[in-house]
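Working notes for the structure below.
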There are 2 protein chains.
Amino acid sequence: MKKILIHDIAKHLDVSIATVSLVLNGKAKEKRISDALAERVLKHVAEVGYKPNQLAKSLRTGKTHVIGLMVEDIANAFFAKIAALIEKKALARGYRIIYCSTNNDVARTRDLLAMFQEQHVDGYALALPPGVEAEARALVRGGKPVVLFDRLLPDVLADAVVVDGQTGMYEATRHLLAQGFSSIALITLHSAQTQLLARRRGYAQALHERNLPELVQELSFQQEPEQLVQDITDFVRAHPLCDAMLFATNYLGANGLEALARLGRQIPQHMAVVAFDDSDLFRLYAPPITVIAQPMELMAESVINTLLAGLEGAGKPGRVTQTQLAPQLLVRQSSIRPVDSGLGC
Amino acid sequence: MKKILIHDIAKHLDVSIATVSLVLNGKAKEKRISDALAERVLKHVAEVGYKPNQLAKSLRTGKTHVIGLMVEDIANAFFAKIAALIEKKALARGYRIIYCSTNNDVARTRDLLAMFQEQHVDGYALALPPGVEAEARALVRGGKPVVLFDRLLPDVLADAVVVDGQTGMYEATRHLLAQGFSSIALITLHSAQTQLLARRRGYAQALHERNLPELVQELSFQQEPEQLVQDITDFVRAHPLCDAMLFATNYLGANGLEALARLGRQIPQHMAVVAFDDSDLFRLYAPPITVIAQPMELMAESVINTLLAGLEGAGKPGRVTQTQLAPQLLVRQSSIRPVDSGLGC
DNA sequence: AAATATGGCTAAAATGTTTAAGCATTTTTG
DNA sequence: CAAAAATGCTTAAACATTTTAGCCATATTT
């Protein structure tokens with residue numbers, strides 16, 4: 001029952017601790033341990049089920065094989081999904097994940113970043129709120145691999161994986177225009193998060209091309225869902241001519257659906273709806289909601305690849321890898337202009 | 001830029017390393033370090049921002065302040081939510097979370113448990129699939145706090161936090177009966193997970209009280225969503241008299257909604273629906289879906305409290321704490337029998 | 001005056017690894 | 001044939017802490 005140490009292995013085989021360690025770390029060849037001995041070591045280690053103490057190992061080598069993953073909110077379907085994918089892929093490559101939710105709180109994020117450092121994570125996968133640029137820069141300077149994802153930070157030069165929300169939103173807006181909707185609103189947050197700004201630019205671009213006025217509602221940040229529903233309700237009431245809404249995030253979309261339901265507005269007859277991010281809710285809703293879907297698998301894959309490139313090819317090429325992925329517009333019923341049958345019912 | 005060590009602090013203050021360590025660990029009084037010196041140490045430590053190396057600390061003390069959290073699938077709304085809550089509460093009490101998704105895969109779960117041990121987590125919060133009883137028992141014997149949640153494992157005596165799914169499902173079934181639905185099906189998984197069995201017992205109990213036959217469909221486990229939809233579709237087609245469905249989990253419910261939508265069955269006119277677990281989808285669906293909601297906050301709180309009780313009150317009282325929480329039936333439109341107006345449209 | 005207690009600190013062991021450097025011996029090389 | 005290289009290991013330092021046992025001077029008690 002007593003925990004077994006490398007020392008016990010060495011003693012039992014009557015060799016030095018170093019020999020056992022070298023064999024176990026695959027340096028037998030390199031360090032010229034005879035094949036016969038190497039085999040004996042491996043055999044006995046397997047027999048007694050010896051597992052090196054990772055803490056001691058990490059202390060000595062400075063590597064923990066742990067990746068720090070920071071998301072906005074793990075309870076959000078988008079982040080939960082991306083976390084699941086990143087975890088799976090990281091595990092497959094021998095890394096563990098330690099995660100935190102920032103809730104877009106700057107002070108909290110700072111604490112969490114410090115915590116990751118204290119835990120000596122080998123690499124960072126971060127979706128950060130604006131306001132921690134200095135810390136992020138310091139982290140990058142620290143030399144360990146850092147990959148920003150979902151959103152960038154202004155003036156922080158780091159590896160990154162983002163989705164081209166501008167094009168995504170541009171195409172969604174063009175789609176609504178093509179369907180003949182004339183007063184298209186964008187519901188977004190009052191926030192400097194880069195992905196939100198990009199989405200907004202895409203929206204603006206599409207409208208400007210047609211010389212149409214923007215109709216943007218910025219909801220204030222970090223509110224209770226109930227308050228968001230209320231704000232969206234107010235917005236809809238205040239803009240009776242508005243016939244289509246774009247939601248900049250999935251939870252704005254969810255709350256938007258709630259607001260429209262409470263107002264008794266039919267989708268898409270009274271109001272067309274498009275949301276960013278796909279989810280069960282949007283897919284299964286009646287009517288199904290048109291979304292700008294992010295390529296989750298690809299994002300996760302890119303994050304891990306970029307991170308591991310930094311970890312394994314430790315030879316700092318000084319180059320920054322910024323990956324931009326294309327989202328996909330999934331047109332569903334919520335944004336299809338109903339043929340005006342003239343029939344009521 | 002060089003990492004600062006306890007040695008540097010000691011040198012600068014011209015005291016021993018031991019003194020600094022004792023002060024930093026709040027043992028100044030106990031070990032009779034003078035208040036004046038203790039203050040000097042604290043001051044200088046704060047000034048230079050010294051943070052002890054957690055790896056070295058953990059190696060020496062055997063405590064990592066990390067909790068291993070194992071869920072079925074972090075991408076599932078229920079587990080994502082519970083993870084978010086547990087993370088928040090753990091962090092507030094000085095513990096970090098390292099998590100994994102088992103995907104109900106026994107071999108994978110075994111690996112992950114081994115991984116947690118290698119990482120020297122201080123405590124375990126586990127939602128385990130059946131099949132790892134031996135490993136779970138070994139873990140409990142290992143002496144570190146283990147809390148099972150969401151589901152138990154047969155013959156594993158450990159602290160646990162579960163929801164009384166039997167009563168929950170019993171009441172849901174009674175509610176459907178009271179509404180006048182006569183052929184009520186339970187859609188569940190072919191699995192020995194204890195929470196699923198409890199839910200099934202609740203369903204059976206309610207029907208037996210009325211001498212009604214059970215109508216249980218066990219779907220096979222670990223399938224693609226598309227296959228689940230297909231299976232549910234087949235079930236509905238095969239049971240034309242069935243007028244109400246209970247779904248034993250949230251994702252069965254989601255796939256059930258999809259199946260009913262594809263079949264063009266109206267809820268609740270053609271089919272009443274009740275699902276286990278609340279979610280945005282069920283709340284916002286049209287019509288809103290009646291659910292048996294689990295008390296998420298309470299669950300997370302209980303898990304953390306039980307875990308920390310084991311961690312802090314290290315004095316093994318040998319007692320096992322099993323907490324059972326009451327779920328809540330949230331009646332929404334999907335299970336209300338429509339008044340038969342006799343009017344078509 | 002001797003014994004004991006106390007206050008205030010430190011030396012050093014312990015935690016469990018990895019790995020650079022070293023050390024006999026044997027083999028190869030010019 | 002001497003020097004160099006290879007062979008097959010081991011010794012011991014290093015990683016950064018915590019904590020036990022103990023030291024020394026002074027104060028108090030007997």
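Heavy atoms only: backbone and side chains are in, while hydrogens, waters and symmetry mates are out. The sequence lines fix the lettering, A, B, ..., with proteins before strands; numbering per chain opens at 1.
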Under 3.5 Å, sequence neighbours excluded: what are the donor-acceptor pairs made by side chains of residues 38-48 of chain A?
from     : atom 1 : to       : atom 2 : distance (Å)
His44(A) : NE2    : His12(A) : ND1    : 3.2

Show which side-chain atoms of residues 54-65 of chain A pair as donor or acceptor with protein atoms under 3.5 Å away, not counting sequence neighbours.
from     : atom 1 : to        : atom 2 : distance (Å)
Ser58(A) : OG     : Gln54(A)  : O      : 2.8
Ser58(A) : OG     : Lys63(A)  : O      : 2.9
Thr61(A) : OG1    : Lys57(A)  : O      : 2.8
Thr61(A) : OG1    : Lys63(A)  : N      : 3.2
Thr64(A) : OG1    : Val66(A)  : N      : 3.4
Thr64(A) : OG1    : His120(A) : O      : 2.7
Thr64(A) : OG1    : Asp122(A) : OD1    : 3.3
His65(A) : ND1    : Gly94(A)  : O      : 3.2

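A salt bridge does not link Glu301(B) to Lys88(B): none of the charged nitrogens lies less than 4.0 Å from a carboxylate oxygen. The existence of a salt bridge linking Glu87(A) and Lys81(A) is excluded, since no basic side-chain nitrogen approaches an acidic carboxylate oxygen closer than 4.0 Å.
Listed by chain and residue number, Lys29(B) satisfy the side-chain hydrogen bond (donor to acceptor under 3.5 Å, both in side chains) test with Asp35(B) (two or more places apart in sequence, or in another chain). Partners of Glu118(A) according to the salt bridge (charged side-chain N to carboxylate O under 4.0 Å, His left out) rule, which considers only residues two or more places apart in sequence or in another chain, do not exist here. For Tyr99(B), the ring-ring contact (aromatic ring centres under 6.0 Å, His included) test picks out Tyr99(A), with sequence neighbours left out. Take Arg110(A) and apply the salt bridge (charged side-chain N to carboxylate O under 4.0 Å, His left out) test, not counting sequence neighbours, and it matches Glu135(A). Every residue two or more places apart in sequence or in another chain was checked for a ring-ring contact (aromatic ring centres under 6.0 Å, His included) with Phe79(B), and none qualifies.
Using a 4.0 Å cutoff on non-hydrogen atoms, no part of residues 111-123 of chain A comes near DNA chain C. DNA chain D lies under 4.0 Å from at least one heavy atom of each of the following residues of residues 43-65 of chain A: Leu59(A), Arg60(A).
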All N/O contacts under 3.5 Å from nucleotides 7-10 of chain C to the protein, with atom names and distances to one decimal?
from    : atom 1 : to       : atom 2 : distance (Å)
dC9(C)  : OP2    : Ser34(B) : N      : 2.7
dC9(C)  : OP2    : Ser34(B) : OG     : 2.9
dT10(C) : OP1    : Ser16(B) : N      : 3.3
dT10(C) : OP2    : Ser16(B) : N      : 2.9
dT10(C) : OP2    : Ser16(B) : OG     : 2.9
dT10(C) : OP2    : Thr19(B) : OG1    : 2.3

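Side-chain atoms of Thr19(B) never come within 3.5 Å of backbone atoms of Val15(B) as a donor-acceptor pair (strictly under, hydrogens ignored).
Atom CG of Asp105(B) is separated from atom CG of Asp111(B) by 8.5 Å, given to the nearest 0.5 angstrom.
Residues in residues 145-160 of chain B take part in these side chain to side chain donor-acceptor pair (under 3.5 Å) pairs, two or more places apart or across chains: Glu72(B)-Arg151(B), Asn104(B)-Arg151(B), Arg151(B)-Gln193(B).
In summary, contact between chain A and DNA chain D, defined as any nucleotide atom under 4.0 Å from a heavy atom of the protein, begins and ends at dT7(D) to dA16(D) in the 5' to 3' direction.
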